[in-house]
Amino acid sequence: METEIVSEFLPFGRIYKDGRVERLTGTEVIPPSLDPANDVVSKDVVYSPEHNLSVRLFLPHKSTDDNKLPLLIYIHGGAWIIESPFSPLYHNYVTELVKSANCLAVSIQYRRAPEHPIPAAYEDSWSAIEWIFSHSDGSGPVDWINEHADFDRVFLGGDSAGANMSHHMAMRAGKEKLSPRIKGVAIVHPAFWGTDPVDEEDVQDAETRSGIAEVWEKIASPNSVNGTDDPLFNVVGSDSDFSGLGCEKVLVAVAGKDVFVRQGLGYAAKLERSGWGGDVEVVVEEEEGHVFHLQNPNSESALKFFDKFVEFITGSE
């Protein structure tokens, strides 16, 4: 096996001379289970045979056939490089959301960099959303979605890179007039960035800025013509128009010690100025860092945010 490293992108992984990618974190998986432990059952279903991609479905165990539930579509984070719907981090968190919100959840697997650079992850996420919405008339391939999903209460959410993609999926939903319309989108600690800080309080340190830029430009999206100013990444600082966002309400969550905090606040402000017309709610945890709610889910701050996320889903009933 090749041992010569040609590229190291810590803390995520390494690339070897023969092209092999070694991920250093976010590789562990939990199998789905139809055992109603934790009052939630789960199963994996292939949505893209072409790319061998699946979604993981989560259903409250006590659901009955005439019980239509809110539908949460979740896009995981991990810098477009690590993690999956099957990792303990995301399996456990989505399980708890499903249990507390009494909703059906579909967590999306997508192709990851560096083997599959951006825009593959975006293309896959949209393909999965289209596949999910093929069930909206009750005739899709998966009974759980046909029988239990209330397509008038669809929520899209994600954290970090997944929050970035959730924004872009909502924009595409608006552009392509996805029907029924998505009810709400949760943008949690979004990975938005650009060459220049968005304001004087944004990260000014050149080394930090270049470190984040390097992950995007060398690993996640080496084909971006304009690097970190690619509109996929530079959502706040670019001239992109948010007015067509395809949902009714947005929850933006930021953490005060997260490098992306000013980007997240700038996103909410830009959305409110855009003429979009929906409702924007901003939640700030000043003393917490990036994805604290996943890293330490039982902390006081994490439980507070968890309740807010659940309320975002259930408050439309």
Side-chain angles (χ1 to χ4, degrees), residues 12-13 15 18-23 26-32 42-59 71-87 90-91 94 104-147 149 151 154 156-158 160-180 182 191 216 219-225 230-233 246:
F12 307 112
I15 303 174
D18 61 1
R20 179 171 61 91
V21 175
E22 179 189 18
R23 287 178 173 80
T27 59
E28 191 182 345
V29 298
I30 288 180
S42 59
K43 66 179 177 179
D44 297 340
V45 178
V46 173
Y47 76 87
S48 173
E50 178 188 359
H51 299 302
N52 191 29
L53 295 169
S54 299
V55 293
R56 177 157 290 182
L57 293 96
F58 300 81
L59 182 70
L71 170 60
L72 172 64
I73 301 171
Y74 198 85
I75 306 177
H76 73 84
W80 297 273
I81 298 167
I82 59 169
E83 301 293 352
S84 75
F86 324 120
S87 67
Y90 289 102
H91 176 92
V94 175
L104 170 68
V106 184
S107 189
I108 297 173
Q109 181 189 25
Y110 52 82
R111 286 172 294 165
R112 300 171 303 180
E115 300 95 328
H116 304 283
I118 289 167
Y122 295 80
E123 292 166 354
D124 295 339
S125 296
W126 182 250
S127 172
I129 289 169
E130 287 189 308
W131 177 85
I132 293 164
F133 271 75
S134 74
H135 297 77
S136 62
D137 63 356
S139 64
V142 179
D143 288 345
W144 281 13
I145 307 177
N146 288 333
E147 293 169 7
F151 277 88
V154 176
L156 173 63
S160 194
N164 172 306
M165 289 194 283
S166 293
H167 163 75
H168 288 290
M169 295 305 106
M171 289 301 302
R172 188 161 177 182
K175 182 180 179 183
E176 302 201 9
K177 296 182 168 48
L178 185 71
S179 182
I182 295 170
W216 176 267
I219 308 299
S221 190
N223 302 321
S224 287
V225 175
D230 184 325
L232 288 176
F233 203 23

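All residue numbers in this chain count up from 1 along the given sequence. As the structure is a prediction and not an experimental result, all values here were calculated from the model. FYI, side chains are in, hydrogens and waters are out, and symmetry mates aren't considered; it's all heavy atoms of this structure.
For H91 and F58, the ring centers are positioned less than 6.0 Å apart. In this structure, Y110 has its ring center closer than 6.0 angstrom to the ring center of H76.
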**Request:** List the steps, then state whether side-chain contact (heavy atoms from CB on, under 4.5 Å) holds for Y47 with I132.
**Result:** CA-CA 9 Å; Y47 76 87; I132 293 164; over 6 Å; no
**Full working for side-chain contact (heavy atoms from CB on, under 4.5 Å) between F233 and I118** = CA-CA 11 Å; F233 203 23; I118 289 167; over 6 Å; no
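At a threshold of 4.5 Å between non-hydrogen side-chain atoms, the residues R23 and R112 count as touching. Side chains of L232 and S221 form no contact here, defined as non-hydrogen atoms less than 4.5 Å apart. Inter-residue side-chain proximity for I108 and I129 is flagged as met; some heavy-atom pair is nearer than 4.5 Å.
Considering every non-hydrogen atom in both A191 and N164, the closest pair reads O-ND2, 2.9 Å. Nearest heavy atoms, N223 versus P117: ND2-CG, 3.9 Å. Residues G78 and A161 approach most closely at N-CB, 4.4 Å, considering heavy atoms. Nearest approach of P141 to S134, heavy atoms of both residues: CD-OG, 4.1 Å. The two residues Q109 and N52 make their nearest non-hydrogen contact at OE1-O, 3.9 Å. D137 approaches S139 most closely through the heavy-atom pair OD1-OG, 2.7 Å.
A donor-acceptor pair under 3.5 Å is formed between the side chain of H135 and the backbone N or O of W131. In this structure, Y90 contributes its side chain and G77 its backbone to a donor-acceptor pair below 3.5 Å.
With sequence neighbours excluded, no residue forms a ring-ring contact (aromatic ring centres under 6.0 Å, His included) with F86. Listed by chain and residue number, nothing satisfies the side chain to side chain donor-acceptor pair (under 3.5 Å) test with E28 (two or more places apart in sequence, or in another chain). For S87, the side chain to side chain donor-acceptor pair (under 3.5 Å) criterion is met by E83, not counting sequence neighbours. For W144, there are no ring-ring contact (aromatic ring centres under 6.0 Å, His included) partners at least two apart in sequence or on another chain.
Among L104, V55, L156, the single residue meeting the side chain to side chain contact (heavy atoms under 4.5 Å, CB included) criterion with I73 is L156.
Expressed to the nearest 0.5 Å, how far CG of D230 lies from CH2 of W216 amounts to 5.0 Å. The CD1 atom of I145 sits 10.5 Å away from atom CG of L59, with the distance rounded to the nearest 0.5 Å. From M165, atom CE reaches atom OG of S125 across 4.5 Å, with rounding to the nearest 0.5 Å. A distance of 9.5 Å separates CG in N146 from OG in S136, rounded to the nearest 0.5 Å. Within the model, atoms CH2 of W126 and CG of L178 stand 4.5 Å from one another, a figure rounded to the nearest 0.5 Å. The CZ atom of F12 lies 9.5 Å from the CH2 atom of W80; values are rounded to the nearest 0.5 Å.
Counting only residues at least two apart or in different chains, salt bridge (charged side-chain N to carboxylate O under 4.0 Å, His left out) contacts with residues 116-128 comprise R111-E123, R111-D124. Note on residues 126-136: no pairs pass salt bridge (charged side-chain N to carboxylate O under 4.0 Å, His left out), not counting sequence neighbours.
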